[in-house]
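Everything below concerns the one structure shown next.
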Amino acid sequence: MATLTMVQAIARTLAEEMERDERVVVLGEDVGKRGGVFLATEGLLDRFGPDRVIDTPLSEAAIIGAAVGMAAHGLRPVAEIQFADYVFPGFDQLATQAAKLRYRSGGQFMAPMVVRMPSGGGVRGGHHHSQSPEAHFAHTAGLKVVVVSTPYDAKGLLKAAIRDDDPVVFLEPKRLYRATREEVPDDDYLVPIGKAAVRREGTDLTIIGYGTSMPEVLKAGEELARAGVSAEILDLRSLVPWDIEAVTRSVAKTGRVVLVADAPRLSGVLGEIAATIAEELFDQMLAPPVRVAGFDTPYPYAQDKLYLPTVTRILNAAKQVLEY
Amino acid sequence: MATLTMVQAIARTLAEEMERDERVVVLGEDVGKRGGVFLATEGLLDRFGPDRVIDTPLSEAAIIGAAVGMAAHGLRPVAEIQFADYVFPGFDQLATQAAKLRYRSGGQFMAPMVVRMPSGGGVRGGHHHSQSPEAHFAHTAGLKVVVVSTPYDAKGLLKAAIRDDDPVVFLEPKRLYRATREEVPDDDYLVPIGKAAVRREGTDLTIIGYGTSMPEVLKAGEELARAGVSAEILDLRSLVPWDIEAVTRSVAKTGRVVLVADAPRLSGVLGEIAATIAEELFDQMLAPPVRVAGFDTPYPYAQDKLYLPTVTRILNAAKQVLEY
Amino acid sequence: MVHETLPVMGTEWFQPFTEQPIALLSEEGEWIGDFPLDLDEALLRQLYRDMLAVRLMDERFTVLLRTGKVSFTAPMAGHEAAQVGVAHALRRGHDWVFPYYRDYGLALALGVPLVEIFGQMIATRADPNKGRQMPCHPSSRPLNIFAAASTVASHIPPATGAALSMKIQGTGQVAVCTFGDGATSEGDWYAAINFAAVQRVPAVFVCENNRYAISVPYSCQTATPTIAEKAHAFGIPGYHVDGMDVLASYYVAREAIERARAGHGPSLVELVVYRYGPHSSADDDTRYRPREEVELWRRRDPLARYQRFLARRGLWSEEWEQQLREEIAREQAEAIEAAERAGEVPAEWMFDDVYAEPLWHLERQRALLRAELQ
Amino acid sequence: MVHETLPVMGTEWFQPFTEQPIALLSEEGEWIGDFPLDLDEALLRQLYRDMLAVRLMDERFTVLLRTGKVSFTAPMAGHEAAQVGVAHALRRGHDWVFPYYRDYGLALALGVPLVEIFGQMIATRADPNKGRQMPCHPSSRPLNIFAAASTVASHIPPATGAALSMKIQGTGQVAVCTFGDGATSEGDWYAAINFAAVQRVPAVFVCENNRYAISVPYSCQTATPTIAEKAHAFGIPGYHVDGMDVLASYYVAREAIERARAGHGPSLVELVVYRYGPHSSADDDTRYRPREEVELWRRRDPLARYQRFLARRGLWSEEWEQQLREEIAREQAEAIEAAERAGEVPAEWMFDDVYAEPLWHLERQRALLRAELQ
Ligand SMILES: Cc1ncc(C[n+]2csc(CCOP(=O)(O)OP(=O)(O)O)c2C)c(N)n1
Ligand SMILES: Cc1ncc(C[n+]2csc(CCOP(=O)(O)OP(=O)(O)O)c2C)c(N)n1
Ligand SMILES: [Mg+2]
Ligand SMILES: [Mg+2]
């Protein structure tokens, strides 16, 4: 058992999976000698060689699209998009090729691939090193979508994603890459896609979050506890499929919910979950579901920290639902 | 006053705007001699010449991106994407360039442009001639998003979009291009972006729809009327900004709401509106907001008609909220 | 699965980047190649049979359209020599093919069962793709024909990826990817071939250049005189070929494919063709194409030229033609019947194959539809 | 707004597609051009001053980084000759420039006020872009410098569009667009230049080829020996130029720009340079670049070569150098001070300029933040 940061856990997991299954290959910009700009692929080139660790030209369409072809042909590619913001030049390959291949071929072909990408803000990255584009993936039928927030989950979910027979978009909040260390077991465990984690049990309200904003969510939970309020905290971890059971179980119990994530609010994933809660738990709700999302601006540079849901903003929302 | 189909109204409006303002230019695939595959640009080439009606190479990135540069440089480009499904190869140009230019330059540059695209299903077009990708635009700060459903609105909103100083994505449900005719005034009227239309007044429940699904929504309204139920029907028309006043006014009155659109359900625009209603009108709601959306599958071919929200499905949802 | 053994080439016969398109047959049907024709009679005749079958299938499609049985067609008349030539140049069922929507002639010549082709066109249970796509979207797992998507050029990056996988796994396969002239303007086309060239993958990129992308003429598509010379951007050879000449199409494709198989990397093959029909059944090409132009190209009909070639060699006769036409007509009629007999695609199939296993939200939606339909 | 009148060229001096990069100065600083140098002494000296100012600014950036005043830098040392050469080849304030993130040298030589440059780097109110972007994203409306975006190659289609607008409106302007070697692999790069070539727009596409995209070496980026030859894919000329030679950079860019202005369409100019520093302040280039390689290129320093040229002509002296360095240091120090003095960007500016007028949902969000901050 090692104590690892999230990015270390990811690098180890990639190595383990490549060791386990020779069909697993890694491709992307700077994944070779550089080991990835965040070092998520550090050491892989030396260990597995240039046939399985491929530095690609600077084209996200080529990366994602090639991964589709590799996967259809029998490999298990893990593609890295250097920053989630740069997925858009390759978005058609995800939406048109990866997401629809199984369906359009009547199940004849499949694209078992993972597209990893550092996402989210809080690192003074401005417009193009801060975005959280998960809603675009969640709205694209045929993709599974995972957003991790701990080293332990990063390992277990990445393994699950690599072994999944469908294309999985795997978002890694870059702000959390080195934010904390955690004990990560050496053994070959999986965290199933589609299951939320209860990060704190509680009875007065539910706070649902994922990814980049989890530290603030947890801090808000602690502050509430100090104020005598018992918050149940869920980390969604998977957005497609999302864990409706865990969510409804908790919200049915507490009757109050705050949803938190840093992606823009309009037509985001939180809207989906809030709307579903409103539809399913109408009678059990003691207050309206309140969302604390990113602002509907391009991600700013100077106000980097203010863009993200702050603890204050989460607490204000909690107050709102508690005092409703 | 002429009686026009929606696509005729669009073609006329383009001609009128090009006549009015010589900065207005049209570009896209087949917009020249062919007049567009739906004839939305018919006659423009003859009238305005190849400098203002530009047949482009087959690249949506080139089309949208060039429009950004033309707009920044002082023209008012109206770009056509042949089918909304094909916006994805050019999505980065929308998200990175068009949407963020004003913001990132501190207001120094702007991209006053319109990207028109036929969207939606119901024409046996399969995966790639049927999609309704509005959620992707709505989730992209910096874009305005319009979806028309009548010839009258098509004219007034297209004029408003062309004169708007921001990039406007203008969705035209292809199933409605020739579905009906309507009197369209000859004069130069505008329909403001951001205002919904009340298509039917009612008191028992509100049905909110837009675009491709409006005919079914209206039919459901009629059926309900026959059954003695008074439905208020809103056509959103604009998704960014969407008309929160009209929506809350109506739903506060009826206390019941069904939301209808053909785009996939997960993380769609309906989720945004349902979640907002749930948040704002918690106390006034007599039943949970129910969404009738497209299914979360790629758009199928054989089941073309079943994919779209049917009148039955809308009525079932209405029943659900009425009997709640 | 069909495995053809192809003659092994000793030399490379063709020059890249020629100004004139490479042709091996004169318009009169004479062999004008400067190397010996090494194909046996059976194959020479099969090429003709396939071209004829494609032409007749194209006509069938139009009939099916008129009778309302299919909703859409993408005419391929004029592309027969190119598609049939390429189909025979690769190892069927071994190599992979990445076709586009105008390639049912390619699919036919690759051996896709007619009942599957018509099943796909009509969208019945005979379609191995379960009626998921519009007509004219070939796909066959057993024959390694990657499911076509409508989005122009979107299949080029996957072709590069499959070829990269072939290289990594050392399978001795080649990925052959076809597309139109319009496709060459998409960024994905360029990005993918650039990657293929860097990795020297076993791929051949084949452009069926009919000089129109719907109505957009070649002159609005690109400023290069040929598509072939775009290969300079990748550092790979580009061949400019007369695609109305089935033997030129076959031999150049074969050389490019075997070069790739031998580890010499990808190439770009431009087959200059003409589409005799409109872009699709939804198109009206009189709006943008002068009739004289169409007539001019009709006089260069790839079937007629090759027929003259065969006739010169005593491999063609009126009788044989008659017999072929009857056989083909019968096969196609039977296939259509069988495809129709297979019956409609069930409504609930809509929810299958989105993912490997069903997800809860889709199962709910399936239940909703089931309730509605009952 | 600065309008320079450029000498009108009678002839075209340069050949496209040379194997050897075009150079006008030997490493020893001799003029080796086969046409007469037509620049006056003031301009010759200004080129040097600008290059030196860029080099010193690069060092300033590093200092600001160390002291925590800026969060990021993209070193441009090694690119000075290329950037300064191009800046002087266009009509400042008339032509448009589409730069990328390594182009603050270009911006400086184009005349962007230093206080704006440092304002943008530090993100204070002195930044005309209101602190919206990371450091190293030039933009100036008065100087027609299109706001850079981080997304590699995403500015190429807008450059084509602006040039098309210039052509349509007959403004006599040219759009000059710069980017790195890595950018040439993006599909948008190709799609946009293809469109530009078809429309023969007045644009010049300039590649600052430093042979690395972060760590990815040129050999993994593309299989063509040069970037210039990719111009074949568009049917336009491609010039392979020694970008460590400020006069070669200047003259080739000038010819390409004036060709474009005269209506002869776009061209591609490849300036071969080397980046002396890491990719960015977040990079560690020792992981992928041998030190000997860096040393080799350091010996080809563009400033030293040009200094030798000037010295040969009696246009450079130790004294002048000293004086320049002092002047530049003072200007930059003052600019930094002024930029800092301008003060922090207010929190609420976050909500401005998303749209021309405020929309309701943003006003609500503004109110939310305001409440939180009070
Ligand atoms: C990305 C994309 N944009 C637009 C279309 C609409 N469209 C379908 S076919 C076509 C023209 C294609 O021309 P070409 O590549 O030359 O092939 P051809 O049909 O001539 O064989 C267009 C524009 C599409 N299918 N995909
Ligand atoms: C679309 C996109 N993908 C990835 C990145 C991350 N990235 C930033 S710079 C860079 C390398 C660019 O190299 P090059 O174009 O050669 O320019 P250079 O930095 O060498 O001057 C990469 C991959 C990006 N900014 N945009
Ligand atoms: Mg074509
Ligand atoms: Mg570089």
Side-chain angles (χ1 to χ4, degrees), chain A residues 28-39 42 45 50 54-63 65 82-83 85-90 92-93 123-130 264-266 292-307 310-313 315-317, chain D residues 71-72 120 123-124 127 129-135 137 149-154 180-189 213-217 219-222 279-280 282-285 287-289 344-354 359 361-362 364-366 368-369 371-373:
Chain A
E29 295 154 11
D30 302 289
V31 297
K33 275 196 197 168
R34 184 73 183 73
V37 294
F38 290 102
L39 304 183
E42 198 177 18
L45 177 65
I54 303 165
D55 259 339
T56 65
L58 209 171
S59 163
E60 289 71 18
I63 295 167
Q82 199 160 84
F83 287 85
D85 317 68
Y86 301 135
V87 73
F88 297 118
D92 187 59
Q93 286 298 318
V123 298
R124 304 211 77 189
H127 288 22
H128 295 293
H129 302 85
S130 306
R265 179 181 172 101
L266 274 186
V292 181
F295 296 122
D296 288 301
T297 71
Y299 204 107
Y301 174 74
Q303 301 87 353
D304 183 59
K305 290 285 184 295
L306 287 177
Y307 181 92
T310 57
V311 177
T312 313
R313 221 171 293 152
L315 289 172
N316 287 348
Chain D
S71 63
F72 171 92
Q120 200 276 316
T124 71
D127 173 16
N129 310 296
K130 302 187 187 163
R132 295 268 165 68
Q133 291 216 85
M134 286 177 74
H137 286 70
S150 314
T151 309
V152 165
S154 69
D181 44 311
T184 70
S185 295
E186 282 287 355
D188 283 12
W189 179 83
I214 310 187
S215 73
V216 178
S219 60
C220 291
Q221 200 61 249
T222 187
H279 168 75
S280 75
D283 183 32
D284 170 9
D285 63 312
R287 286 180 172 262
Y288 57 83
R289 280 202 313 195
E344 268 188 29
V345 168
E348 275 193 37
W349 281 13
M350 173 161 35
F351 299 101
D352 299 336
D353 301 317
V354 185
L359 302 188
H361 63 282
L362 284 163
R364 287 188 173 198
Q365 296 175 10
R366 184 199 297 271
L368 187 78
L369 182 70
E372 177 181 338
L373 293 179

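Throughout, a chain's letter reflects where its sequence line sits, starting with A, and its residues are numbered from 1.
Neither the backbone nor the side chain of D:Ala371 comes within contact range of chain A; no heavy atoms are under 4.5 Å apart. At a 4.5 Å heavy-atom cutoff, D:Trp189 makes no contact with chain A through either its backbone or its side chain.
Annotation: the span from D:Arg366 atom CZ to A:Thr297 atom OG1 amounts to 11.0 Å, rounded to 0.5 Å.
Contact count against chain A (heavy-atom pairs under 4.5 Å) is highest for D:Asp283 among D:Thr222, D:Asp188, D:Asp283. Interface check for chain D: of the options A:Gly90, A:Ser130, A:Gly125, the most heavy-atom pairs under 4.5 Å are formed by A:Gly125.
Residues A:Phe295 and D:Val354 form no side-chain contact, since every pair of their non-hydrogen atoms from C-beta on lies 4.5 Å or further apart. At a threshold of 4.5 Å between non-hydrogen side-chain atoms, the residues D:Ser71 and A:Tyr301 count as touching. Here the side chains of A:Gln82 and D:Ile214 are in contact, with some heavy-atom distance below 4.5 Å. Annotation: side chain of A:Arg265 is not in contact with side chain of D:His361 (no heavy-atom distance under 4.5 Å). Taking the side chain as every heavy atom from C-beta outward, A:Arg34 and D:Arg287 approach each other to under 4.5 Å. Residues D:Leu359 and A:Asp296 fail the side-chain proximity criterion, which asks for heavy atoms closer than 4.5 Å. Taking the side chain as every heavy atom from C-beta outward, A:Tyr307 and D:Met350 approach each other to under 4.5 Å.
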